[in-house]
Participant: 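Take a look at this one; I'll ask things after.
Reminder, nothing fancy here: chain letters follow the sequence lines and each chain counts from 1. All values below were derived from every heavy atom in this structure, side-chain atoms included, with hydrogens, water molecules and symmetry-related copies excluded.
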Number of protein chains: 2
Amino acid sequence: MVNLKDLAKELNVSVSTVSKALKSSHEIGAETKKRVIELAQKMGYSPNPYAGFLRHHKSKTIALIAPELTNNYFIQAISGAESVAQEKDYHLLIYCTNDEFAKEESILKHLQNGRVDGVIMSLSTATQSYQHLNDLIQSGIPIVFFDRICHEIETAKITTDDFTSGFNATEHLIQNGCKDIAYLSISENLSIDNKRKQGYLEALNKHNIEALPSRIIKCTGDEKNNYKKIKQLFQSDKIPDGVFASIEKLALSTYYVCNELKINIPKDTKVICFSNLRTAPLLNPSLTTITQPAYEMGKQAAAILFKNLDKKRSLIGNENIILKSELIARDSTKQ
Amino acid sequence: MVNLKDLAKELNVSVSTVSKALKSSHEIGAETKKRVIELAQKMGYSPNPYAGFLRHHKSKTIALIAPELTNNYFIQAISGAESVAQEKDYHLLIYCTNDEFAKEESILKHLQNGRVDGVIMSLSTATQSYQHLNDLIQSGIPIVFFDRICHEIETAKITTDDFTSGFNATEHLIQNGCKDIAYLSISENLSIDNKRKQGYLEALNKHNIEALPSRIIKCTGDEKNNYKKIKQLFQSDKIPDGVFASIEKLALSTYYVCNELKINIPKDTKVICFSNLRTAPLLNPSLTTITQPAYEMGKQAAAILFKNLDKKRSLIGNENIILKSELIARDSTKQ
DNA sequence: AAAAAAAACTAAAACGTTTTCGCAAATAAA
DNA sequence: TTTATTTGCGAAAACGTTTTAGTTTTTTTT
């Protein structure tokens, strides 16, 4: 790897001359500039990014932290963030918390030393305390949240209209004849889950349907356990005639349970869920989804972060960006 | 952000003492060590990664370059690589080429300055020359290929048994009654495509079925165009009674085309493809797949890279690791 | 022709580490 | 007691840049 010193020696000039010539400083003569630039080109010189960091304290790197990677929502969001990073000549580090609090803490701690200029993240479902988030921000690294946001931290947050979407999803089921709708919750720690549930409750209320606590199924990150809980739901005397899953995974588990128990969707029970599954139209039956603009959310999260990195101040003020999700009715909720 | 100098000043010792104490050097007395470590803890000191780089020339960072991110195969591979990186206390940069050669070139050029210690990558379908790959390796950065590998470069490569899988997939169709099988190719530049096609041809040959060039459909990265080509295939007088898609995307396009043209899968035509779609069992009809161990491939690629990073030598010798794919028969190829 | 200004370049410090070398004090060996 | 050895620590160089503050040479102004 060739460096400034190598170029300087080759050209019989000082290191500082080479450095300035490459930045086309007015202090350097035209002839010298030309010689330097040509040799740099020829020898394939590229400034060492880490040496540069020591001077301006800019790593040109951001991190994206997600609870899981093999998830249609997050991968689209990552893709959006990546496209913006590449456009801005930034580098994107990816970290996965596996929905574990300890891992989230550990990852954030490792980022406190200036490795990145900023962080884009979605909380793990296990996160209930926010010290690690505050610590990172205190040490001068701004965070932008998307989707699984943290209300308690003052910064920018990108979400979708979860309450309205939850309301619409539930009303969609009601309008298609459902009177006994179960809500599959993923975690009470997540504000998006709570908002979706609030929308669900509000829709039931509007249509004078009693909200039964037993119809709110508390699922977790453990797929096996979720499967068991959903199976229980469908093995009771009276099965729900509609299911609103807060996330895609839970709807797919519902499909598998119904397959196993020979319960017909949508005849016996209808299913709707938040999902970014591209094959939703090809499922059997095709799945009615509320689809979040995941790619756009990733892009916006990155864009806001970059906007603030340009500024002097590393603290990002409260800012709530709310994008619209889209309800796409398909066969799984057909009357 | 607190640094060694801050700690040294606070404790009235030299910077070198602090540095050594934190590394628990035997040169430092027990009492001093204790004081240093306690204060470092208290002030939240964490060594600046970039300053360290300047000394040992190790960035503790690797890059993963993929042609696309929103793809079930690649995201699982990325997830595998991420898990190994995290375990090894390395950091993972993600880059997407969008299947464009120019972008691939540009990304690699940006990595030539030591930003990463090594690269894991899958080629873009557009890549036909390998200068940029050689340049990177020449500048001391090792590359490990996975799936869409480059035969022409001497290094480690992780693939699956594509020839055998292609053969098995085709034979599976034949055994289920197909006599006129189309192969949907993604790019003649990719060795995996060629191997899958060779397997296809070999199976036809074994069963004395004539291989018609018109049954090899050359698809591209352009989804619209692929859709058109596949539609043409199914609008001819004689439609194929089996389709073997080299990648998932092309099988899904086939599903959409058949939906539109009211062609029944598997009655009128059977479909099999390479795919890591988790909802394959839930499709209508459920999709027969050859599933690659994507997560494992990502893990192995990372593992081999790390094994070589530990060594002095940055050149990785030729090594072909071939994992087995699994053919999972479902309804889309049912007789 | 002398003084001032501009042009072209260099030396050196700085960023935050690690590491080599050196030095003093304390301890051990003679 | 004198000479070695060990222990505990500090000074300074090095990594590859950028930048500030010179320094020399040339050009312009008076």
Participant: Counting side-chain heavy atoms from C-beta on, which of D:dT18, C:dC9, C:dC21 comes nearest to A:I28?
Facilitator: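 Among D:dT18, C:dC9, C:dC21, the one nearest the side chain of A:I28 is C:dC9.
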
Participant: Can you tell me if the side-chain N/O atoms of A:T32 get under 4.0 Å from OP1 or OP2 in C:dA8?
Facilitator: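 Negative; the distance criterion is not met.
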
Participant: Using distance only, find each side-chain donor-acceptor pair of residues 1-9 of chain A under 3.5 Å and give its atom names and separation, not counting sequence neighbours.
Facilitator:
| from | atom 1 | to | atom 2 | distance (Å) |
| --- | --- | --- | --- | --- |
| A:N3 | OD1 | A:K5 | N | 3.2 |
| A:N3 | OD1 | A:D6 | N | 3.0 |
| A:D6 | OD2 | A:N3 | N | 3.0 |

Participant: Between atom NZ in B:K58 and atom C1' in C:dT19, what is the gap in whole Å?
Facilitator: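 Whole-Å distance recorded here is 18 Å.
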
Participant: Output side-chain donor-acceptor pairs under 3.5 Å for residues 28-46 of chain B, partner residues at least two apart or in another chain, one line each.
Facilitator:
| from | atom 1 | to | atom 2 | distance (Å) |
| --- | --- | --- | --- | --- |
| B:K33 | NZ | B:S25 | O | 3.1 |
| B:R35 | NH2 | B:L11 | O | 3.4 |
| B:S46 | OG | A:N113 | ND2 | 3.0 |

Participant: Whole angstrom is fine here: how far is it from NZ in A:K33 over to C1' in C:dC9?
Facilitator: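 Going from NZ in A:K33 over to C1' in C:dC9 covers 13 Å.
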
Participant: Who are the ring pair (Phe, Tyr, Trp, His ring centres under 6.0 Å) partners of A:F306, not counting sequence neighbours?
Facilitator: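 Here the qualifying residues are A:Y90.
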
Participant: Hey, is the side chain of A:N48 poking within less than 4.0 Å of OP1 or OP2 on D:dG16, counting only N and O atoms?
Facilitator: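 Checking A:N48 against D:dG16: no side-chain N or O falls below 4.0 Å of OP1 or OP2.
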
Participant: Does D:dT17 have OP1 or OP2 under 4.0 Å away from a side-chain N or O of A:Y45?
Facilitator: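 Answer yes for this pair, as a side-chain N or O of A:Y45 is under 4.0 Å from OP1 or OP2.
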
Participant: If you check every side-chain atom of B:L4, which of D:dC9, C:dT18, D:dG16 has the closest atom?
Facilitator: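 Minimum distance to the B:L4 side chain belongs to C:dT18.
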
Participant: Nearest to the side chain of B:E27, heavy atoms from C-beta on, is which of D:dT17, C:dG16, D:dC9?
Facilitator: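 Nearest to the side chain of B:E27 among the choices is D:dC9.
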
Participant: Under a 3.5 Å cutoff, is there a donor and acceptor pairing between the side chains of A:Y95 and A:H110?
Facilitator: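 Distance-only check fails for A:Y95 and A:H110.
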
Participant: A:G52 near the nucleic acid: base, sugar-phosphate alone, or nothing, with a heavy-atom cut-off under 4.0 Å?
Facilitator: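 If one applies the 4.0 Å heavy-atom cut-off, A:G52 turns out to touch nothing in the nucleic acid.
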
Participant: Roughly how many Å is it from CZ in B:R55 to P in C:dT19, rounded to a whole number?
Facilitator: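 Atom CZ in B:R55 sits about 6 Å away from atom P in C:dT19.
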
Participant: Picking from C:dC9, C:dT17, D:dG16, which would you name as closest to the side chain of A:K20?
Facilitator: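 The closest nucleotide is C:dC9.
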
Participant: Looking at D:dA14, I'd like to know if its phosphate oxygens (OP1 or OP2) sit under 4.0 Å from a side-chain N or O belonging to B:H56.
Facilitator: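 So the side chain of B:H56 is outside the cut-off, no N or O lying under 4.0 Å from OP1 or OP2 of D:dA14.
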
Participant: What does the inter-axis angle of the helix from C:dA1-D:dT30 to C:dA30-D:dT1 come out as, five pairs per end, nearest 10 degrees?
Facilitator: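 Answer rounded to 10°: the end axes differ by 60°.
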
Participant: In whole angstroms, how far is the P atom of D:dA11 from the NZ atom of B:K5?
Facilitator: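 So the NZ-P distance, B:K5 to D:dA11, works out to 14 Å.
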
Participant: I'd like to check the ring pair (Phe, Tyr, Trp, His ring centres under 6.0 Å) partners of A:F101; sequence neighbours left out, ordered by chain and number.
Facilitator: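 By the ring pair (Phe, Tyr, Trp, His ring centres under 6.0 Å) rule, A:F101 matches A:H132.
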
Participant: Of the residues in residues 8-19 of chain B, which ones touch DNA chain D at a heavy-atom distance under 4.0 Å?
Facilitator: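 Under 4.0 Å from DNA chain D: B:V13, B:S14, B:S16, B:T17.
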
